[in-house]
Amino acid sequence: MTVERARDAKHGDFATNVALRLAKSARRSPRELAQAIVAALPASSLIARAEVAGAGFINFFLTPDAYARELGRIHELGERYGCSALGRGERVVVEFVSANPTGPLHVGHGRQAALGDALSSLLEAQGYQVTREYYYNDAGAQIQNLALSVQARARAVAPGQPGWPKDGYAGEYIQDVAREFRTAQGDIDDLDAVRAFAVAYLRNEQDRDLKEFGLEFDVYSLESSLYRDGSLDAAVAGLIASGKTYESEGALWLRTTEYGDDKDRVVRKSDGSFTYFVPDVAYHVTKWRRGFRKAINVQGSDHHGTIARVRAGLQALSLGIPQGYPEYLLHQMVKVTRGGEEVKISKRAGSYVTLRDLIDWVGRDAVRFFLVSRKADAEFVFDLDLARSRSEDNPVYYVQYAHARVASVMKQLAARGLELDRAAGLASAGLLTGEHEQAVLAALVRYPEVLEQAALNRAPHAVVHYLRELANAFHTYYNAETFIVDDAPLRNARLALVLGVQQVIRNGLGLLGVSAPEGM
RNA sequence: GCGCCCGUAGCUCAGGCGGAUAGAGCAUCGGCCUUCUAAGCCGAGGGUCGCAGGUUCGAGUCCUGCCGGGCGCGCCA
């Protein structure tokens, strides 16, 4: 049995199927039972009426007073409206982007950045204490490859020429790194120096892009630190101590199949080095040890194969870490299209489109809004033609425009020598009984629930869809009614209402990392 | 072959722990600016919710099978 928000305004504000569910055991018809329930309901200042509809639903209609009270809360709480204490201050680490410093961030990282940051903000709004964390490999085979590529470029060796490393990075940015290294008068023969320079250079470039995206991480974790501080050795020792390892073909394996993985995994290769699986496990042990009882990893679905093995490794260590740790939010790939054709290359990176490209083409707000607007597990098609040449059709403008329009109304008010009496407006909010006013109020008061559900379901896109609906209710109201009327009580009430809309839009866009302009 | 995800309007997608006539944007067609920004509003057309079974009072939603697409699959990360 449920009580839920009615989908259709004709069905009131809330509906319950209680009579449908109980009809059988009560041996009465659903409608008859519903009538009896309605007749027995106590009076409430918040419920205007309850009526039986359809097969036996009971629909509840809220009183204008109920709405007026909620509007008052929006004004009272301001930017805190929509927040809750659901998380009770629990610490949670959200790991995302986590790109290795081997090149510019690509559009997939962009999706992850938009998704991870919005999810983090949502969790913060629900009372969690969130750490945004970025993990990267600064010492592995990929980094070696990067160093060799930069070294080759510094020696004026181009991709494909003799001396170019096997599977070297061919992007144009490698030339930039090589040139900067020479300018800094680095020793080209010192591969360690080249490596350190290249990693620092590209990390710095990534951070610039992330900053431009409005994103800052609290913690950067380096894979190399796991080797240095003993975490990795401890993890290996723990795995061996678990008795779940065995030697085969010269390598050390872990029976991850005992913990739900579909194949056993190699811990230590036959050449004595470790697979990436080991630092992954060691890294997640550090999350647990740092006190994070909740860890969420935002990753591309191409990494979904790692989930079972990381969890299996953590289970094998018997540290009391729950089976579902860490939690994963996977997102599907991003495909960029232009003229109906997939775009796979960019000047700077060569083989992929960069986050920077997207920001340059359509702006940060649109990239943020777009990339978070679809549920994570659906493939995303980013149509450059639509985003660029038809930028006025961008849904982000639709929402931002609603915000700017309210600002404009307030400017008009001042220009006419009038002032808003906010307290009077809230006191007379009971006057907001028009169809459009009720629709706006109904949309407005859903916000806290939307945030809670979006946070619990790890679904930031729900906020995007909500904001579009709220903006639609507002624009409709705007076109149908004049706010600045002579009747002062009504004028104040209407202005209090639209300021409430502006507040909620600002709050919602803020969670998504999108600006809320005063004018457009 | 096995695993995860997706399949809803011409296109891009919401709805998905079961509920009432399946929604939005874009595109198409038709209306609305002497009045707070027309980046807006109103209306119309457009659907066997991939297919077939099953569970249920009720299935786009849950279960099974199949078809189509994406991603991944023992010492790469």
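We name chains A, B, ... by the order of the sequence lines, and we start the count at 1 in each one. Only heavy atoms go into these numbers, but all of them, side chains included; no hydrogens, no water, no symmetry mates.
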Novice: Stacking check: are the rings of A:F57 and B:A20 less than 5.5 Å apart at their centres and under 30 degrees in tilt?
Specialist: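 Base of B:A20: stacked against A:F57.
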Novice: Ring centres under 6.0 Å, that's the criterion: do A:F96 and A:Y134 meet it?
Specialist: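 No: the rings miss the under 6.0 Å criterion.
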Novice: With side chains defined as the heavy atoms from C-beta onward, is the minimum distance between A:S221 and A:Y283 less than 4.5 Å?
Specialist: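 Sidechains of A:Y283 and A:S221: in contact.
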Novice: Can you find a side chain N or O atom of A:H461 that sits less than 4.0 Å from OP1 or OP2 on B:G15?
Specialist: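 Affirmative; the distance criterion is met.
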Novice: Check this for me: does the side-chain of A:N59 come within 3.5 Å of the base of B:A20 through a donor and an acceptor?
Specialist: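 Counting by modelled atom types and ignoring angles, a donor-acceptor contact under 3.5 Å is found here.
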Novice: Got a donor-acceptor contact below 3.5 angstrom from the A:S149 side chain to the A:Y169 backbone?
Specialist: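 Flag set: sc A:S149 to bb A:Y169 pair under 3.5 Å.
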Novice: If you round to the nearest 0.5 Å, how far is OH of A:Y135 from NZ of A:K287?
Specialist: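 It comes to 9.0 Å.
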Novice: Taking only side-chain nitrogens and oxygens of A:Y478, does any of them come within less than 4.0 Å of OP1 or OP2 of B:U35?
Specialist: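 For B:U35, OP1/OP2 do not have a side-chain N/O of A:Y478 under 4.0 Å.
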Novice: Verify the contact: side-chain N or O of A:N472 to OP1 or OP2 of B:C41, cut-off strictly under 4.0 Å; return yes or no.
Specialist: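 Checking B:C41 against A:N472, a side-chain N or O does come within under 4.0 Å of OP1 or OP2.
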Novice: For the side chain of A:H303, starting at C-beta, report the closest nucleotide among B:G74, B:A77, B:A38.
Specialist: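 Within the option list, the nearest is B:A77.
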Novice: Check the chi torsion on B:G31 and let me know: syn if it falls within 90° of 0, anti if not.
Specialist: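 B:G31: anti.
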Novice: What are the residues of residues 402-415 of chain A, sorted by number, that bring a heavy atom to within less than 4.0 Å of RNA chain B?
Specialist: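 Heavy-atom cutoff 4.0 Å gives A:A404, A:R405, A:S408, A:V409, A:Q412.
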Novice: I'd like to know if the side chain of A:R309 reaches the main chain of A:G305, judged simply by a donor and an acceptor atom lying under 3.5 Å from each other, with no hydrogens or angles considered.
Specialist: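 Side chain of A:R309 to backbone of A:G305: a pair is present.
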Novice: What is the minimum heavy-atom distance between A:V464 and A:S373, and which atoms define it?
Specialist: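 A:V464 and A:S373 have their closest heavy atoms at CG1-CB, 3.8 Å.
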Novice: Report yes or no: is there a donor-acceptor pair, N or O only, under 3.5 Å between the side chain of A:N479 and the base of B:G40?
Specialist: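 When only heavy-atom distances are counted, A:N479 does reach the base of B:G40 through a donor-acceptor pair under 3.5 Å.
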Novice: Syn if the chi torsion is within 90° of 0, anti otherwise; quick check, which is B:C33?
Specialist: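 In terms of base orientation relative to the sugar, B:C33 is syn.
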Novice: Should the side chain of A:D262 and the base of B:G3 be counted as holding a donor-acceptor pair, with the cut-off at 3.5 Å?
Specialist: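 Looking at the base of B:G3, it does not pair with any donor or acceptor on the side chain of A:D262 (distance under 3.5 Å).
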Novice: Could you run through RNA chain B and flag its stems, i.e. three or more consecutive Watson-Crick or G-U pairs with both distances under 3.5 Å?
Specialist: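 As far as RNA chain B goes, consecutive pairing (with distances under 3.5 Å) yields the stems B:1-7 with B:67-73, B:10-13 with B:23-26, B:28-32 with B:40-44, B:50-54 with B:62-66.
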Novice: Are the side chains of A:Y398 and A:N472 in contact, using a 4.5 Å heavy-atom criterion?
Specialist: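 They are in side-chain contact.
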Novice: Taking only heavy atoms on the protein side, list every residue of residues 482-492 of chain A lying under 4.0 Å from any atom of RNA chain B, sorted numerically.
Specialist: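 RNA chain B contact set from residues 482-492 of chain A: A:T482, A:F483, A:I484.
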Novice: Step through the shown structure and confirm whether more than 12 heavy atoms of other residues, nucleotides or ligands are within 6.0 Å of CD on A:Q323.
Specialist: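 No, CD of A:Q323 has 12 or fewer neighbouring heavy atoms, counting only those of other groups under 6.0 Å.
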Novice: Can you give me the closest heavy-atom contact between A:S270 and A:E249, atom names plus distance?
Specialist: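 Distance-wise, the nearest heavy atoms are CB-O, 3.9 Å.
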Novice: Whole Å only: how far is the CD atom of A:Q332 from the P atom of B:C71?
Specialist: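 Atom CD in A:Q332 sits about 9 Å away from atom P in B:C71.
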Novice: For A:G434, does its backbone N or O pair with a side-chain atom of A:E437 as donor and acceptor, under 3.5 Å?
Specialist: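 Yes; at least one donor-acceptor contact below 3.5 Å.
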